[in-house]
Chemist: 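Please see the structure below; I have some questions.
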Amino acid sequence: MTTLLYTHSACLEHDPGAHHPESPARLRAVLAALSGPEFAGIERREAPEAAIDDLLRLHPRRHVERILAAVPTAGHVALDADTVLSPASGRAALHAAGAVTAAIDAVVANEADNAFCAVRPPGHHAEPDRAMGFCLFNNAAVGALRARDVHGLERVAVVDFDVHHGNGTQAAFEADNRLFYASTHQYPLYPGTGAAGEIGVGNIVNVPLRPMSGSGPFRRAFDERVLPALDDFRPQLVIVSAGFDAHRHDPLAQLMLDESDYIWVTEKLVDLAARHARGRLVSTLEGGYDLTALGASAAAHLRVLMAA
Ligand SMILES: [Zn+2]
């Protein structure tokens, strides 16, 4: 079976400014790391724009219209201190969400075992009615709601190992027991949510980790908390919010993981998908701000997906 890679050139053109960490160079680094002959077996597909109806399952129409109307024809527009639009940002955001919905359609249709969406802007901080934290639309959550409503899946999980808590995904899921969200993240850290006591309707698992905690506590969090809860939930589709900013070289956080941890966690998630979801797994890029670590970590993640 096949691993699919969805991306789009618009995602390279979204440019929040010269000194912004969420730079086009991030996606260039990921694509360069996936360009070698060992990745020739990946089937590469152009990400479509998300249908507005897919966005509207999660985001109120006023949010979608506010984002798209704010896109400047030149220069930059800041939605908050972190979240900045350039002329290509609207198209990039539509293709980033569309990558995840298309990848889910393909994996549910059994065209491939799994898929990775190499996209930006990232999504997991975007709440239903609020763009924040570099995120405009919540790509993973938009995909999960399409899987629920269009494909009729009764149990969809998002697993988020980005170093930041995915407050947006949690906000989207916390009242719906057909959806499940699990996150490991450095705590305290932006955005400040993700305490262990935030459990939704029993469908949210947050495992906050102390700065400098490294590999041991991260793997124990998965072995003792995240994976047992996911086994109880029995997801029919596993969506991964794959941020690589918990890497020890990342400039925005101090969780001190390395590529071996990303290999380990990806193997665990592939096994989880095999147990419950006929292998169906769709991963989408969230954070990761050291370009070398980001490329190496994404490559390590894809090697495991290709071997699934
Ligand atoms: Zn992050």
Side-chain angles (χ1 to χ4, degrees), residues 11 14 16 19-27 29-30 79-84 92-93 96-97 100 116-127 130-141 158-172 181-195 198 204-214 217-218 221-222 226 239-259 261-262 265-266 269 283-298 300-301:
C11 297
H14 162 59
H19 302 291
H20 198 291
E22 206 289 279
S23 69
R26 298 180 57 244
L27 182 52
V30 169
L79 300 177
D80 66 20
D82 303 314
T83 312
V84 181
V100 179
F116 181 68
C117 301
V119 294
R120 51 184 292 280
H124 72 155
H125 294 306
E127 296 184 347
R130 184 182 181 197
M132 60 181 275
F134 316 161
C135 303
L136 303 177
F137 304 131
N138 192 317
N139 309 318
V158 171
V159 184
D160 185 337
F161 56 70
D162 188 281
V163 81
H164 302 95
H165 180 243
N167 58 290
T169 313
Q170 177 170 304
Y181 177 68
S183 176
T184 54
H185 44 272
Q186 182 172 319
Y187 190 88
L189 188 68
Y190 182 90
T193 50
E198 298 170 20
I204 307 286
V205 172
N206 285 305
V207 189
L209 298 167
R210 292 184 182 283
M212 309 302 289
S213 57
F218 174 76
F222 269 87
V226 171
I239 301 171
V240 182
S241 271
F244 299 102
D245 42 8
H247 193 283
R248 63 177 61 247
H249 293 149
D250 197 274
L252 298 195
Q254 301 79 37
L255 212 49
M256 306 303 282
L257 304 186
D258 63 26
E259 288 91 318
D261 296 301
Y262 293 122
V265 74
T266 307
L269 295 175
S283 176
T284 186
L285 182 65
E286 300 283 0
Y289 304 98
D290 179 272
L291 298 181
T292 304
L294 173 60
S297 300
H301 183 59

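For ligands, and for the atoms within them, numbers begin at 1 and follow the listed sequence.
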Chemist: Any idea which N/O/S atom from Asp245 gets closest to the Zn ion (ligand 1)?
Modeler: OD2

Chemist: Restricting to N, O or S, what is the name of the atom of His164 that lies nearest the Zn ion (ligand 1)?
Modeler: ND1

Chemist: Do any of the N, O or S atoms of His124 sit under 2.8 Å from the Zn ion (ligand 1)?
Modeler: no

Chemist: Check the pair His301, Ser283 against side-chain hydrogen bond (donor to acceptor under 3.5 Å, both in side chains), reporting the backbone distance first and the verdict last.
Modeler: CA-CA 9 Å; His301 183 59; Ser283 176; 2.7 Å; yes

Chemist: From the Zn ion (ligand 1) out to just under 2.8 Å, does an N/O/S atom of Glu286 turn up?
Modeler: no

Chemist: With Asp160 as reference, evaluate His124, Gln170, His185 under the side chain to side chain donor-acceptor pair (under 3.5 Å) test and give the passing residue.
Modeler: His124

Chemist: Relative to the Zn ion (ligand 1), which of the N, O or S atoms in Asp162 is the closest?
Modeler: OD1

Chemist: Going by the rule side-chain hydrogen bond (donor to acceptor under 3.5 Å, both in side chains), which residues pair with Gln186 if we only count those two or more places apart in sequence or in a different chain?
Modeler: Gln254

Chemist: Would you call Leu285 and Leu294 a side-chain contact if the rule is heavy atoms closer than 4.5 Å?
Modeler: yes

Chemist: Report the residues that fulfil side-chain hydrogen bond (donor to acceptor under 3.5 Å, both in side chains) with Asp258, sequence neighbours left out, ordered by chain and then residue number.
Modeler: Ser260

